[in-house]
Amino acid sequence: MSYRRERLAITGMSCANCSSTVTEALESLEGVREANVNFATDEGTVEYDPEVTTLAAIYDAIDDAGYGAVDDTLAITVTDMSCANCSQTVGESLLDTPGVISADVNFATDEGRVRYNPEEATRSDLYDAVERAGYSPVRDDADGDTEAGEGSGDGESRADAARREELHRQRNLVLFGTALSLPLLAMMVVELLAPGTLPETIPGTDLAMGWVAFALATPVQVVLGREFYVNSYKAVVRNRTANMDVLIALGSSTAYLYSVAALAGLIAQAGLYFDTAALILVFITLGNYLEARSKSQAGAALKHLLELEADTATAVDYSEESGATDEREVPLDEVEAGDHLKVRPGEKVPTDGVVVEGESAVDESMVTGESVPVEKSPGDDVVGATVNQNGALVVRATKVGRDTALQQIVAQVREAQSRQPDIQRVADRISAYFVPAVILNALFWAAVWFLFPEALAGFVGALPMWGLVAGGPAAAGGTISVFEFSVVVFASAVLIACPCALGLATPAATMVGTTIGAQNGVLFEGGDVLERVRDVDTVVFDKTGTLTNGEMELTDVVSVGPRADGGELQYDEESLDEDGVLRLAASAERDSEHPLARAIVEGAEERGLDLVSPESFENVPGQGVRATVDGREVLVGNRTLLSEADVDVGPAEETAERLESEGKTAMFVASAPTGTSEGEVVGVLANADTVKATSAEAVRTLRERGTDVWLITGDNERTARAVAEEVGIDPENVRAEVLPGDKADAVSDIQSDGRKAMMVGDGVNDAPALAAAFVGVAIGSGTDVAIEAADVTLMRDDPVDVVRATRISEGTLAKIKQNLFWALGYNTAMIPLASLGLLQPVLAAGAMAFSSVSVLTNSLLFRSYDPDDDYRLLGFLRR
């Protein structure tokens, strides 16, 4: 048993008890032999068996204990992967490196994203791990992850440069191989159409014409075949695995070496297959070139987002007295948070910031997908790379570099592309066993054809596709020997079954789907999330800020008259009028940040009331506030708050019910002189939050699609039902008066009968509920695209984006299933044909290359998909 020792930097500890808690959490993991955590140094060490537990499980245990461990993430571009087996090999090599927490390597994007412990692993260690696996990482030892494509301006990242060089190399190889293979192809065609036309020997010599073919095919075998042979050696000898390169090397070298042996007279009466050996490599290299081009096109939309950044900014000195002065143009990478920038009409906003002067409309479509320009005035946020329309603005930079919304969007989409759906894991497992199975199948059928040619020829000869082979084996009256035909079967069978298309099916579609989401303001955390969204059968909306605008406004102030028992209230007459009730409540709420409280305070200020600061203040979550104002104990809140204080709400109940039936949020105001125990209700306030214009459309569309829709809110029952009725949610699907801390339990309860619920909230106080749901969606996040609790982040405040997210998910999964259908169908159909001798090696190589290109092309066609158009396919492709 080999144990591994890991050093960790722990965050969040404040005392010795904290270090003890972390130690206990680590030692409770199976496979951990010893854990020591030091509060004084904020460090810890853990010794564990990597065969039993993982570093990822150790990090999760620390998180579950309420603390954190420092980690970092690196994106590594790997340009020479040829199939899903390659990406799997690279991933395994990275995971075997001490300090690596997780590694996701994507063949379709030529990129791996590695989460690692910087206390144990360095960037150089990760690059070395890729090289140990036999592949070439694009190294960048600078502080920034330029290999991830981040940055701005005209500079080309090293990753992009490496991809461009690889594309040019593949193109040059294709041109070289084609130039030498065309004469071979011409000779083959002439021989097929007019046998005997070509001389048997080279004119003027006694050398056989086969030496011409040898001279043309050998450079192709050396130059184009070199990388396949080298990669095959690394795969088999170094990594103890087999990949696509092994199959290509086997197929091509079999045809070439057999022909050399025949030309040298080592095999009697044998044909030559130099043309086949050369054309195999040309077709495969052409397929690699087209794949590289398709991959570049699939990621072009994401690169285009980065190219939208401004190259320079107009910096100014700014003060409220003199405004903007001393304009000067500076490079964007020199702008720092806090700098003031001037943005003229038609210019791009250089970086994220807040408007301090001017008014204009800003086109934010490139970030949110919203085509209508958004009005901006002092105090409003602006997003970098958006376009100022018609007025000059002065903006104070708040986020620069990688912290901007645009860079975060790109980073999140790249992260999503590296996390593949579960359906891809199935394809990867198939690919891992596929190559060895193909080689065994080819050997088996070659042996069967060699041992039992007459029996097989009799069966196959009756098939209508027999003509695809230039005659059958000699035993069936053909023109080639049994051994030669067995060699042809072997070469065809290994070439036709390369799992390239299978490995590309999922990541190619996922890459396009996540990019479509980003273009429409929908950010998926990962390809696995993209897959889960499609399976959602219940959508649970929070009310405030999700279905409603979340901007509360004071609408009603009602003072309560004489007590219900006929007695007089204890307080002076002034407190009974509307202004007196409002002043008392607003003063009590002055220190609260709750939207309802702010609406009350703003309403009092608009009426010009003289507010005072409360002498004491207590916020009661989910109920209201308790404060001391002008020597009086004041309560402002719901029925629960007053009932727990033994205040009778009877005198105001009818008024509150009337306001709530109108869809307003009613709050009781009660007061009592300090030191007395008997408080009395003195008034009712009501706030209204208007329903968003698209909420009803979103609910209606979801219900039409067969999705159950629920509403959860901390508001009272009557208000919640009024909003539900307005947007079209069934009354029985309303959960009202749910405290923020109880929303997660409510979501879990909804899912208790097997439902797969999507919780849609604002991503802040709804975070526990978002985490509890099958899929958590944060809506209307503005420039903050890194809400950890959410699986999906919607850049706009539009509930219809929930429908768009569902459609993008369904569309992407439909494309994945289409790709897998064709990839698996291709192999299912072609392997038997090759095994039965019905497919020549050249045709097999061409078909294999075409299959990969067709899968990528099918994925690229998805780029034009509009999520506002329902993506309806055959049922078996949707579900």
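This chain uses plain numbering: 1 for the first residue, then up along the sequence.
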Is there a donor-acceptor contact under 3.5 Å from the side chain of Asp730 to the main chain of Asn733? no
Closest heavy-atom contact between Leu711 and Ala720? CD2-O, 3.5 Å
Is it the case that the side chain of Lys664 and the backbone of Thr555 share a donor-acceptor pair, with hydrogens and angles ignored and the cut-off at 3.5 Å? no
Pairwise side-chain contact, Val723 with Val734, heavy-atom cut-off 4.5 Å (strictly under): no
Under 3.5 Å, is there a donor-acceptor pair between the side chain of Ser809 and the main chain of Leu530? yes
Test item: side-chain donor near acceptor, Ser322 and Ser319, under 3.5 Å: yes
Do you see a donor-acceptor pair shorter than 3.5 Å between the side chains of Asn549 and Thr690? yes
For Ile516, does its backbone N or O pair with a side-chain atom of Asn520 as donor and acceptor, under 3.5 Å? yes
With a cut-off of 6.0 Å (strictly less than), are more than 12 heavy atoms of other residues, nucleotides or ligands near CD of Glu725? no
Step by step, work out the side-chain contact (heavy atoms from CB on, under 4.5 Å) result for Val792 and Leu523. CA-CA 6 Å; Val792 181; Leu523 303 182; over 6 Å; no
For Val400 and Asp403, what are the C-alpha separation, side-chain angles and deciding distance, and is it a side-chain contact (heavy atoms from CB on, under 4.5 Å)? CA-CA 6 Å; Val400 297; Asp403 294 330; 5.6 Å; no
Determine the minimum heavy-atom distance between Phe541 and Pro799, stating which atoms define it. CE2-CB, 4.4 Å
On a heavy-atom basis, which atom in Val727 and which in Ser695 lie closest, and how many Å separate them? CG1-CB, 3.8 Å
Looking just at side-chain N and O atoms, do Asp745 and Ser748 make a donor-acceptor pair shorter than 3.5 Å? no
Measure the shortest side-chain to side-chain distance between Val747 and Ile712 over non-hydrogen atoms and say whether it is less than 4.5 angstrom. yes
Might you confirm whether atom CD of Glu320 has over 12 heavy atoms from other residues, nucleotides or ligands at distances under 6.0 Å? no
Under 4.5 Å between any side-chain heavy atoms of Val625 and Phe617, yes or no? yes
Examine the side chains of Asp352 and Thr398 and answer whether a donor and an acceptor come within less than 3.5 Å of each other. no
Report the C-alpha separation of Arg807 and Glu810 in whole Å, then their side-chain angles, then the decisive distance to 0.1 Å, and conclude whether the salt bridge (charged side-chain N to carboxylate O under 4.0 Å, His left out) test is met. CA-CA 5 Å; Arg807 288 174 175 170; Glu810 286 188 348; over 6 Å; no
Between the OG1 atom in Thr713 and the NZ atom in Lys543, the distance rounded to the nearest 0.5 Å is 4.5 Å
With side chains defined as the heavy atoms from C-beta onward, is the minimum distance between Val382 and Lys376 less than 4.5 Å? yes
Whether over 12 other heavy atoms sit under 6.0 Å from Glu717 CD: yes
When you measure from the side chain of Asn390 to the backbone N and O of Ala361, does any donor-acceptor pair fall under 3.5 Å? yes
Main-chain N/O of Arg583 paired to Ser587 side chain as donor or acceptor, under 3.5 Å: yes
Roughly how far, to the nearest 0.5 Å, is the CG atom of Leu685 from the CZ atom of Phe668? 10.5 Å
Identify the two heavy atoms, one from Val634 and one from Ala588, that lie closest to each other, and give their separation to 0.1 Å. CG1-CB, 4.0 Å
To the nearest 0.5 Å, atom CZ of Arg735 lies from atom CG of Asp542 at 14.5 Å
Heavy atoms, side chains only, cut-off 4.5 Å: are Val387 and Val362 in contact? no
Sole candidate of Thr548, Thr719, Thr665 that passes side-chain hydrogen bond (donor to acceptor under 3.5 Å, both in side chains) when paired with Asp689: Thr548
Apply side chain to side chain contact (heavy atoms under 4.5 Å, CB included) to Glu657 and list each qualifying residue two or more places apart in sequence or on a separate chain. Arg639, Glu653, Arg718
Side chains of Val394 and Val355 in contact at under 4.5 Å (non-hydrogen atoms): no
Are Arg658 and Glu662 close enough, and set up right, to give a salt bridge (charged side-chain N to carboxylate O under 4.0 Å, His left out), and what steps lead you there? CA-CA 7 Å; Arg658 174 180 60 81; Glu662 296 171 1; 3.7 Å; yes
Hey, are the side chains of Gln389 and Pro345 touching, using non-hydrogen atoms and a 4.5 Å cut-off? no
When you compare the side chains of Thr628 and Glu633, does any donor N or O come within less than 3.5 Å of an acceptor on the partner? yes
Could you check Arg804 against Asp801 for salt bridge (charged side-chain N to carboxylate O under 4.0 Å, His left out), going step by step and ending with a plain yes or no? CA-CA 5 Å; Arg804 294 189 178 101; Asp801 280 348; 2.4 Å; yes
Nearest-0.5 Å distance that lies between atom OG1 in Thr404 and atom NZ in Lys399: 9.0 Å
How many angstroms lie between atom CD of Glu680 and atom CG of Leu642, to the nearest 0.5 angstrom? 11.5 Å
Test your reading of the model: is there a side-chain donor-acceptor pair from Asn388 to the backbone of Val343, 3.5 Å cut-off? yes
Val681 and Val649: side-chain contact (heavy atoms from CB on, under 4.5 Å), yes or no, with the steps? CA-CA 6 Å; Val681 63; Val649 298; 5.6 Å; no
Tell me, yes or no, whether the heavy-atom count around Glu618 atom CD, taken from other residues, nucleotides or ligands under 6.0 Å, exceeds 12. yes
Steps toward side chain to side chain donor-acceptor pair (under 3.5 Å) verdict (Asp798, Thr694): CA-CA 7 Å; Asp798 190 350; Thr694 57; 2.6 Å; yes
Donor-acceptor pair, side chain of Ser377 and main chain of Glu359, under 3.5 angstrom: no
Is the shortest heavy-atom distance from the side chain of Lys692 to the side chain of Leu547 under 4.5 Å? no
Taking only distance into account, with no hydrogens and no angle test, what donor-acceptor pairs under 3.5 Å do side-chain atoms of residues 751-761 form with protein atoms, sequence neighbours excluded?
from: Gln751; atom 1: OE1; to: Ala757; atom 2: N; distance (Å): 3.2
from: Gln751; atom 1: OE1; to: Phe774; atom 2: N; distance (Å): 2.9
from: Gln751; atom 1: NE2; to: Ala772; atom 2: O; distance (Å): 3.1
from: Ser752; atom 1: OG; to: Asp749; atom 2: O; distance (Å): 2.5
from: Asp753; atom 1: OD1; to: Arg755; atom 2: N; distance (Å): 3.4
from: Asp753; atom 1: OD2; to: Arg755; atom 2: NE; distance (Å): 3.3
from: Arg755; atom 1: NH1; to: Thr538; atom 2: OG1; distance (Å): 3.2
from: Arg755; atom 1: NH1; to: Asp708; atom 2: OD2; distance (Å): 2.8
from: Arg755; atom 1: NH2; to: Asp708; atom 2: OD2; distance (Å): 3.4

Quick one: CG on Leu635 to CG on Leu584, what's the gap to the nearest 0.5 Å? 10.0 Å
Shortest non-hydrogen separation from Gly624 to Asn619 and the atoms involved: O-OD1, 3.5 Å
Locate the shortest heavy-atom distance separating Tyr67 from Thr11; write the atom from each residue and the value. CB-O, 3.5 Å
Distance-only donor-acceptor hits, side chain of residues 594-609, under 3.5 Å, sequence neighbours excluded:
from: His594; atom 1: ND1; to: Leu596; atom 2: N; distance (Å): 3.0
from: Arg598; atom 1: NH1; to: Arg590; atom 2: O; distance (Å): 3.4
from: Arg598; atom 1: NH1; to: Ser592; atom 2: O; distance (Å): 3.2

Return yes if some donor-acceptor pair links the side-chain N/O of Asp648 with the main-chain N/O of Gly650 below 3.5 Å, else return no. yes
